[in-house]
**Q** 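Can you keep this structure in mind? I'll have questions shortly.
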Amino acid sequence: MSAKYHRTHHCNELNRTHVGSRVSLSGWVNSCRDLGGLVFLDLRDREGVTQLFVDPAAQPELARLLHEVREEWVLAATGTVQLRPEAMANRQRATGEIEVAVETLTVLNRAAPMPFHLEDQAVSEDLRLKYRYLDMRRSALVPNLRLRHRLTKSVRDALDSRGFVEVETPILSKSTPEGARDYLVPSRVHPGTFYALPQAPQQYKQLLMVGGLERYFQIARCFRDEDLRADRQPEFTQIDIEMSFVTREDVMETVEAMLAAVMREVAGREVALPFPRMSWQEAMDRYGSDKPDTRFGMELVDITPALATTEFRVFRGVLDAGGVIKAIRVENGGEASRRQLDAWTDTVRLFGAKGLAWLKQAEGEIGGSIAKFLNHTEKAEIRRRTGLQDGELLLIVADRPRVANEALGRLRLDIARSSGPLPTGCFHFLWVVDFPLLEYDEEAGRYAAVHHPFTSPLDEDVARLETEPGSVRAKAYDIVLNGVELGGGSIRIHDPVMQQTMFQALGIGAQEAQLRFGHLLEALRYGAPPHGGIALGLDRFAMLLAGAASIRDVIAFPKTTKAACLMTDSPSTVDPGQLDELHIAIRREEADPEAAAGLVPVERR
RNA sequence: GGGGGCGUAGCUCAAUUGGUUAGAGCGCCGGCCUGUCACGCCGGAGGUUGCGAGUUCGAGCCUCGUCGCUCCCGCCA
């Protein structure tokens, strides 16, 4: 009870109403200002900072102790709250009007000099990752983790109140051929076999529906051994949901209600329901993306009709090959420099576009890189379709629809982001529906599932599954927030025959289907209810709510883009004995004979 | 797998055309200081310029390779 670090208050609590009270605080030394005849010490805990005050004349032994004290030492202090002199109040802080006149001070722990300034906003990220526990003491990370906690709790409450049951599914799972690369875990007791870490609890949650659970959810850790991005980590968390006896509308309504509750509780915001819905085709046509950011305009305009009879060779070639000519109109773009246009050209080339054409208008006249190839009618028609005005710029890509859309979609985002911050505190939810069911994979020479192989086709498209598979749409839906894919789901196939048909369309033979998905196929035979669900990226959601630039900022211990943990230095080599037990031998890499021969220690850094 | 950016003191950065002993601020160590709040002032220590080759009379700077961090393309059912 009376431990020396017992606290009566936290460090963001005391104000003028506490003056005269005897209090105890514990925390870290944020800074210590020894003025010689006066000593101030800012004590910090997770809630805030309180100034401690010591008068060396009155307490010489305390002053001597404080002389030793350094940044980030851990202290417990007891003293009396006193008002600061009027002019000395710090209005920046909740506790700025008072200070604690110290009576006893205990050093709970010393601290080595910090590897970086905790207050320094410019510290490199690898250093922050190596000393994540110090990074956490700074202002940004802990509030993000607390926000994430509130988010998770709010999700649990919202789903619980709607009859959902939280169920844990196995982490040691089964490898499946479709989808992302698996993280594998070797089996000790079954030599030569492997578990896979789940990319998602997809099959388990469907089996829970067959099991009659009806409403399932899980805050589920998922693992994918693919290359990283600012919004992609090798392990991440999904809000995983599955429901029985539901249509797409039922799932979307449930998710909307949950998201509205979360937005209210976590962000204090009311969002209008239902969320807007847009077909995948419309999203691609208007925004060049299957996750459009609808916070701003600058939509893609199809100017193909204006150029249907063009004799400009480049455009003619594209049109004759079945391509399209699309444009975005950039307000205030008329002044764009050559250098800027070159940079934009590089951007569209990333997506396979051969080039970027541009037009601009000044004093009613259209000029630009391709102006001389267009006749008067074509220019007028382009102006009519795009609304081009003086001082504005038109960026044009002529290519296959997919290339033109994606290139301009990216350009649209880049230009919007570079021409000033996008509206903050603004949350545009959007459903994108009617995704294609299948997509032709050039490399594999077969169709692949756009969502996953358990996704149900639209009823009206089923007939085309075997004749024209590329045109079949899915009972799938993505939820998009501010241009970020927050989650996606679908109504699943619950008919074993349909599931077999789907595997066939994917080029998965009956034998392989049985080997990889036999458990699911069999389960569908025993009275599987119609069911569907969704999975939402918890990390991305937290990132957006926190206004963070990367999901690393809302994950306590994230990994680098090479999937390494700089703090624990994982992955790492293991004891040969461990490998023996797992029946695993490390193959020597040909590329580096010295390292393979063990002449050079393998190091990372 | 590919492309861009970055790598110099504990941290953040500088260093002219390739030229003498690689500097500054903060931090660290020592001292001074009665109203500070990233206190201030004086003094001091601190460097394998990520690593390895090469070019050169001479490399932090140029070339090649390599490692790490990061952004993007591919990839991510």
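Per chain, numbering begins at 1; letters A, B, ... match sequence-line order.
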**Q** May I ask you to evaluate whether A:R410 reaches the phosphate of B:rC73, defined as a side-chain N or O under 4.0 Å from OP1 or OP2?
**A** yes
**Q** Just to verify, which of A:L41, A:T80, A:L14 counts as forming a side-chain contact (heavy atoms from CB on, under 4.5 Å) with A:V100?
**A**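 Of all the options given, the one that passes is A:L14.
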**Q** Is A:D342 salt-bridged to A:R339, going by a charged N under 4.0 Å from an acidic O?
**A** no
**Q** Taking atom C1' of B:rC6 as reference, at what distance in whole Å does atom NZ of A:K562 sit?
**A** 14 Å
**Q** Carefully, step by step, assess A:T169 and A:Q218 under the rule side chain to side chain donor-acceptor pair (under 3.5 Å).
**A** CA-CA 8 Å; A:T169 55; A:Q218 181 178 194; 3.0 Å; yes
**Q** Between the base of B:rC76 and the side chain of A:R232, is there a donor-acceptor distance below 3.5 Å?
**A** yes
**Q** How far, in whole Å, is B:rA9 from B:rA15 if one measures between their P atoms?
**A** 15 Å
**Q** Is A:R91 touching bases, backbone alone, or none of the nucleic acid, heavy atoms closer than 4.0 Å?
**A**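 Counting heavy atoms under 4.0 Å across all strands, no contact is made by A:R91.
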**Q** Roughly how many Å apart are B:rC62 and B:rU8, using the P atom of each and rounding to a whole number?
**A**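 Those two atoms are separated by 15 Å.
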**Q** Please give, in whole Å, the distance from B:rC76 P to A:D182 CG?
**A** 12 Å
**Q** Give a yes/no on whether any side-chain N or O of A:R33 is located under 4.0 angstrom from OP1 or OP2 of B:rU36.
**A** no
**Q** Would you measure the distance from the C1' atom in B:rG7 across to the matching atom in B:rC61 and give it in whole Å?
**A**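 After rounding to an integer number of Å, I get 14 Å for this pair.
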**Q** A:T560 near the nucleic acid: base, sugar-phosphate alone, or nothing, with a heavy-atom cut-off under 4.0 Å?
**A** sugar-phosphate
**Q** Do A:Q206 and A:E242 get their side chains close enough for a donor-acceptor pair, meaning under 3.5 Å?
**A** no
**Q** If only atom types and distance count, is the side chain of A:R84 paired as donor or acceptor with the main-chain N or O of A:I98 below 3.5 Å?
**A**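 At least one qualifying donor-acceptor pair exists.
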**Q** Please check the phosphate of B:rU12 (OP1 and OP2 only) for any side-chain N or O of A:S124 closer than 4.0 Å.
**A**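 For A:S124, the contact criterion (side-chain N or O under 4.0 Å from OP1 or OP2 of B:rU12) is met.
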**Q** So which one's nearest nucleotide on RNA chain B is more toward 5', A:R540 or A:E125?
**A** A:E125
**Q** Let me know the distance between CG of A:L118 and C1' of B:rA38, rounded to the nearest Å.
**A** 11 Å
**Q** In this structure, how many angstroms lie between the C1' atom of B:rC37 and the CG atom of A:L14, rounded?
**A**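 Interatomic distance, CG of A:L14 to C1' of B:rC37: 17 Å.
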**Q** With a 3.5 Å distance limit and no angle check, can you tell me whether A:K559 reaches the backbone of A:Q233 through a side-chain donor-acceptor pair?
**A** no
**Q** When all nucleic acid strands are considered with a 4.0 Å heavy-atom cut-off, which category describes A:N90: base, sugar-phosphate, or nothing?
**A**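 Touches a base.
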**Q** Measure from the side-chain heavy atoms of A:D42 and tell me the nearest of B:rU12, B:rC37, B:rC76.
**A**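 Taking heavy atoms from C-beta onward, the closest nucleotide is B:rC37.
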**Q** With no hydrogens and no angle check, is any side-chain donor or acceptor of A:N405 less than 3.5 Å from a backbone partner on A:P401?
**A**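 Yes; at least one donor-acceptor contact below 3.5 Å.
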**Q** Within the side chain of A:S456, is there an N or O that forms a donor-acceptor pair under 3.5 Å with the backbone of A:I493?
**A** no
**Q** In whole angstrom, what separates A:Q238's CD from B:rC76's C1'?
**A** 12 Å
**Q** Over all strands shown, is A:P115 touching base, sugar-phosphate only, or nothing at heavy-atom distances under 4.0 angstrom?
**A**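 Counting heavy atoms under 4.0 Å across all strands, the contact made by A:P115 is with sugar-phosphate only.
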**Q** Taking atom C1' in both B:rA24 and B:rG47, what distance in whole Å separates the two?
**A** 15 Å
**Q** Classify the nucleic acid contact of A:Q92 as base, sugar-phosphate or nothing, counting any heavy atom under 4.0 Å across all strands shown.
**A**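 The residue A:Q92 makes no contact with any strand.
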**Q** Classify the side chain of A:R349 and the base of B:rG3 as holding, or not holding, a donor-acceptor pair under 3.5 Å.
**A** no
**Q** Could you tell me the Watson-Crick or G-U partner of B:rU66, where both distances fall under 3.5 Å? Say none if there is no partner.
**A** B:rG50
**Q** Judged by each residue's nearest nucleotide on RNA chain B, which is more toward the 5′ side, A:E406 or A:T176?
**A**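 Result: A:E406.
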**Q** Round to a whole Å and report the spacing from CG of A:L228 to C1' of B:rU70.
**A**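 Result: 12 Å.
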**Q** Taking OP1 and OP2 of B:rU70, is either one under 4.0 Å from a side-chain nitrogen or oxygen of A:T561?
**A** yes
**Q** Under 4.0 Å, heavy atoms only, any strand: does A:V450 hit a base, just the sugar-phosphate, or nothing?
**A**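 It contacts sugar-phosphate atoms only.
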**Q** If we take the C1' atom in both B:rU56 and B:rU70, what is their distance in whole Å?
**A** 34 Å
**Q** Could you check, using the six-membered ring where one of them is a Trp, whether A:F517 and A:F454 have ring centers closer than 6.0 angstrom?
**A**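 When the ring centroids of A:F517 and A:F454 are compared, they turn out to be within the sub-6.0 Å range.
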**Q** Determine whether a donor-acceptor pair (one donor, one acceptor, N or O, separation below 3.5 Å) exists between the side chain of A:D227 and the base of B:rG74.
**A**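 Check passes, donor-acceptor contact within cut-off.
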**Q** If the sugar-phosphate is the primed atoms plus P, OP1 and OP2 and the base is the rest, what is the B/S/- string for nucleotides 26-35 of chain B, using protein heavy atoms under 4.0 Å?
**A** BS-SS--BBB
**Q** Between A:R552 and B:rC71, is there a side-chain N or O to OP1/OP2 distance below 4.0 Å?
**A** yes
**Q** Could you give the distance separating B:rU63 and B:rU55 at their P atoms, to the nearest angstrom?
**A**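 My reading of the P atoms in B:rU55 and B:rU63 gives 15 Å.
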**Q** Take atom P in B:rG27 and the same atom in B:rC39, then report the distance between them in whole Å.
**A**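 Approximately 8 Å lies between the P atom of B:rG27 and that of B:rC39.
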**Q** NA contact type, A:A448, heavy-atom cut-off 4.0 Å: base, sugar-phosphate, or nothing?
**A** nothing
**Q** Strictly by Watson-Crick or wobble contacts shorter than 3.5 Å, is anything paired with B:rG40, and which nucleotide is it?
**A** B:rC32
**Q** How many whole angstroms separate atom CG of A:L127 from atom P of B:rG50?
**A**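 Rounded to the whole Å, the gap is 16 Å.
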**Q** Which one is paired to B:rU16, where only Watson-Crick or G-U wobble pairs with both distances under 3.5 angstrom count?
**A** none
**Q** Using a cut-off of 4.0 Å on non-hydrogen atoms, how would the nucleic acid contact of A:A87 be classed: base, sugar-phosphate, or nothing?
**A** nothing
**Q** Ignoring hydrogens and geometry, is there a side-chain-to-backbone donor-acceptor pair from A:Q199 to A:A180 under 3.5 Å?
**A**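 Checking the backbone N and O of A:A180 against the side chain of A:Q199, a donor-acceptor pair under 3.5 Å is found.
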**Q** Take A:H117 and A:R138 through the side chain to side chain donor-acceptor pair (under 3.5 Å) test and state the conclusion after the steps.
**A** CA-CA 9 Å; A:H117 293 295; A:R138 300 141 50 98; over 6 Å; no
**Q** Within this structure, what is the NZ-to-C1' distance between A:K291 and B:rC76, rounded to whole angstrom?
**A**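 Going from NZ in A:K291 over to C1' in B:rC76 covers 11 Å.
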**Q** Look at A:R229 and B:rU70 and indicate whether a side-chain polar atom (N or O) is within less than 4.0 Å of OP1 or OP2.
**A**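 So the side-chain polar atoms of A:R229 never come under 4.0 Å of the phosphate oxygens OP1 or OP2 of B:rU70.
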**Q** Which base, if any, makes a Watson-Crick or G-U wobble pair with B:rG25, both distances under 3.5 Å?
**A** B:rC11
**Q** Given the P atoms of B:rG4 and B:rU66, what is the spacing between them in whole Å?
**A** 14 Å
